[in-house]
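Everything below concerns the one structure shown next.
Index from 1, following the sequence. When reading the values below, keep in mind they use all heavy atoms of this one structure, side chains included, and skip hydrogens, waters and symmetry mates.
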Amino acid sequence: MGIVTFVTVSAAAGAAGAAGAMALVPAALGAIGFTSGGISAGSYAAGMMSSYAVANGGGVAAGSLVSILQSAAAAGLSVATKAVVASAGASVAGGVGATVGWLAGLVCYK
């Protein structure tokens, strides 16, 4: 198994990771209670919002994690955020792909 195979496996895994991360972020936000219609009652997001409100004297501060996540769920991810999410997904998956390719080379060609 040569370097070209390792690069090919890593590139394919990276592309899959970028696409997967882009699909996973909106789904994950919805799963914890950040929806386009607001924060779901009784959800993890509602608990976060309550904690932030208590800590800030009754309101959730603009720019806080809760407000950023709710904004992303309601309006979608900005282009810059999409780039960061895709890059992170590609980096992780590319590293995993390279490791799997390297391990396969050790096992299959010994």
Shortest non-hydrogen contact from S67 toward A62: OG-C, 3.8 Å
For residues V85 and I68: do they belong to one hydrophobic cluster (side chain heavy atoms under 4.5 Å, members Ile, Leu, Val, Met, Phe, Trp, Tyr)? no
Where do F34 and A73 come nearest, in terms of heavy atoms and distance? O-CB, 3.3 Å
Answer yes or no: are there more than 12 heavy-atom neighbours, outside M49 itself, under 6.0 Å from its atom CE? no
Between G33 and S43 the two heavy atoms that sit nearest each other are CA-OG, 3.6 Å
Would you say L29 and L24 are hydrophobically clustered, going by side-chain heavy atoms of ILVMFWY under 4.5 Å? no
Please tell me if the side chains of V60 and Q70 come closer than 4.5 Å, counting only heavy atoms from C-beta onward. no
Counting N and O atoms only, with roles assigned by atom type, does the side chain of S51 sit under 3.5 Å from a partner on the main chain of G47, one being a donor and the other an acceptor? yes
Identify every side-chain donor-acceptor pair in residues 89-101 under 3.5 Å, counting partners at least two apart or on other chains, and give the distances.
{"unit_1": "S91", "atom_1": "OG", "unit_2": "S87", "atom_2": "O", "d": "2.8"}
{"unit_1": "T99", "atom_1": "OG1", "unit_2": "G95", "atom_2": "O", "d": "2.9"}

